[in-house]
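When a ligand or atom number is given, it counts from 1 through the structure's own listing order.
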Amino acid sequence: MLHANQSIKENTLPLMEAFYTIQGEGYHQGRAAYFIRLGGCDVGCVWCDVKESWDQSKHPRVPVEEIAAQAATYPGRLAVITGGEPLMHNLESLCSALHEQGFTINIETSGAYPLSGSIDWVCLSPKKFNNKKPVDSIYEQANELKVVIAHRGDLKWAETNAQRVHPDCKLYLQPEWEASPAMLPLVIAYVKEHPQWEISLQAHKFMNIP
Ligand code: SF4
């Protein structure tokens with residue numbers, strides 16, 4: 001069932017920024033991709049590095065065809081919809097417009113809202129907050145589970161989520177950037193003991209690109 005925010009097709013969406021870069025995280029790390037960052041998030045992660053995205057009213061609503069046409073001016077045909085929490089919006093129209101331009105569509109989501117639109121690859125990055133935990137339906141739909149590790153206790157949260165995803169879902173642990181000096185050794189040791197997991201580093205930050 002769609003959340004109230006998502007039930008109506010949205011032909012314009014609050015666009016915080018869009019840029020062509022290299023995907024730095026997870027399964028598609030290293031691939032050229034057009035990032036579409038939508039405004040709006042009510043999840044409230046303390047370590048969020050895009051807090052400017054939270055208030056969607058601060059970002060202009062742009063027609064989805066315009067977003068897709070701008071994306072298509074670059075040679076790559078991988079689009080990553082991110083935020084904010086992009087699933088606060090109904091993404092059907094945006095996905096149609098991107099598919100018409102020949103894009104494969106990935107999404108980065110906390111899973112706090114149900115999926116909308118025809119998405120080709122779902123990266124679920126669940127957050128622990130009580131009222132913002134992922135909705136049940138998203139676990140089956142996730143192609144990739146990416147858990148940010150900011151504290152030792154997050155490893156338990158990672159395992160709790162891993163029990164709920166599809167057996168083919170890829171599993172990633174990603175040290176939180178600021179906590180990385182302490183968390184990276186922990187994550188390395190953990191993955192060596194639990195090889196079903198892989199490490200995701202924010203490679204774009206090492207490359208100094210967005
Ligand atoms: Fe920031 Fe993403 Fe957390 Fe929202 S879900 S607060 S955008 S890290």
Which heavy atom of the protein is the closest neighbour of atom 2 (Fe) of ligand 1, given with residue, atom name and distance?
Gly84 O, 4.2 Å
Looking at atom 1 (Fe) of ligand 1, what's its closest protein heavy atom, distance included?
Cys48 SG, 2.3 Å
Please indicate whether Lys58 has more than 12 foreign heavy atoms, meaning atoms of other residues, nucleotides or ligands, lying under 6.0 Å from its NZ.
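Result for NZ/Lys58: open.
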Tell me, yes or no, whether the heavy-atom count around Arg61 atom CZ, taken from other residues, nucleotides or ligands under 6.0 Å, exceeds 12.
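Result for CZ/Arg61: enclosed.
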If you count the atoms of ligand 1 from 1 in the order shown, which ones are under 4.0 Å from a heavy atom of Trp54?
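Every atom of ligand 1 under 4.0 Å from some heavy atom of Trp54: 1 (Fe), 6 (S).
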Would you say Cys41 reaches atom 4 (Fe) of ligand 1 with an N/O/S atom under 2.8 Å?
yes
Looking only at non-hydrogen atoms, find the nearest pair between Gly26 and Glu144 and report the distance.
CA-OE2, 3.1 Å
Kindly compute the distance separating OG1 (Thr109) from CD1 (Ile119), expressed to the nearest 0.5 Å.
9.0 Å
What is the ring orientation for Tyr34 with Phe103, classed by angle as parallel under 30°, tilted 30 to 60°, or perpendicular over 60°?
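Judged by the thresholds at 30° and 60°, the geometry between Tyr34 and Phe103 is tilted.
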Option whose closest heavy atom lies nearest to atom 3 (Fe) of ligand 1, chosen from Gly39, Gly40, Cys45:
Cys45
